[in-house]
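Written below as structure tokens is the structure these notes are about.
The residues of the chain are indexed from 1 along the displayed sequence. Here the structure is a predicted model, which means the values were calculated and not measured.
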Amino acid sequence: LRNILLTTSAGGSAIRQGAVNLAAPMPAREWFERYLKVIDAKTNVLVPFKPYSHQASILDYCDQCFVTKQSIKIICLKSRQVGISSLFTGWAFKEASTVPHTQAIVFADVKPNARKLFRKVRYFYDELPILMRPRSEAPRRERLEFRDPNPKALDPGLRSFIEIGTALSETSGRAGNYHVVILSEAAFYGGIEGGEDLAAGLLSSVPKANWRTTVVLESTPHGASGLF
């Protein structure tokens, strides 16, 4: 992985990168705040996903990559409860719900964390404005596919999907190419049988000829060896 190495904490972020060019049609930070909803941890109500400064700096970097037609490759060392997993899950959702034929996968270390991430995806989708909400099939396990449920429809829709898996899964991420790969809590995959091999396979599944791709490894610290 190249392009960027960043660390995040409640106090902010450090990014080894120059000035950001926000020439994209809509900056990602604005798209998040306008269209995504999350549950506020303090009030337990749905609120707009307004990125904090450390989240906004990551989104600005992603914008910069796409403006210059570079793939996004990020390694992110984070502290707990700073919204990094939610941010990258939101990014994967944005790509899958707006770009045709996009295949996005977000991997968690364990099933409870995967279920939490998929609940966020469902909130993202259910709370989109009607005109922004792509047609979708009924969710299957932890997968949301943006395709017209009528197989005879003249316009099948985006034909994209976002899938949430775990390093324990025997099916998720085992076949196909992915345009967005998010490995959440990647430092913990070494303690899961086959976890690092699965992650390595996912990373190699990203097509190199397509610049509109995203690869992210993010984790809280867990030792000085292994995948992360």
Locate the shortest heavy-atom distance separating [X] from [Y]; write the atom from each residue and the value.
{"X": "Ala104", "Y": "Ala96", "result": "CB-CB, 4.3 Å"}
{"X": "Ala92", "Y": "Val106", "result": "CB-CG2, 3.8 Å"}
{"X": "Thr89", "Y": "Ser85", "result": "OG1-O, 2.8 Å"}
{"X": "Thr214", "Y": "Phe66", "result": "OG1-CZ, 4.1 Å"}
{"X": "Leu128", "Y": "Phe93", "result": "CD1-CZ, 3.7 Å"}
{"X": "Val45", "Y": "Thr43", "result": "CG2-OG1, 3.0 Å"}

Donor-acceptor under 3.5 Å ([X] side chain, [Y] main chain):
{"X": "Asp63", "Y": "Pro27", "value": "no"}
{"X": "Arg135", "Y": "Asp155", "value": "yes"}
{"X": "Ser160", "Y": "Thr102", "value": "yes"}
{"X": "Ser86", "Y": "Lys120", "value": "no"}
{"X": "Gln55", "Y": "Gly83", "value": "yes"}
{"X": "Thr213", "Y": "His179", "value": "no"}
{"X": "Tyr125", "Y": "Pro134", "value": "yes"}

Could you tell me if the side chain of [Y] sits less than 4.5 Å from the side chain of [X], heavy atoms only?
{"X": "Arg29", "Y": "Asp60", "answer": "yes"}
{"X": "Glu185", "Y": "Lys78", "answer": "yes"}
{"X": "Val38", "Y": "Val47", "answer": "yes"}
{"X": "Ser97", "Y": "Phe124", "answer": "no"}
{"X": "Phe107", "Y": "Val181", "answer": "no"}
{"X": "Phe88", "Y": "Ile58", "answer": "yes"}
{"X": "Arg34", "Y": "Pro129", "answer": "no"}
{"X": "Tyr123", "Y": "Leu36", "answer": "no"}

Item to complete: Considering only NZ, NE, NH1 and NH2 on the basic side and carboxylate oxygens on the acidic side, decide whether Glu127 and Arg133 come within less than 4.0 Å.
Response: no
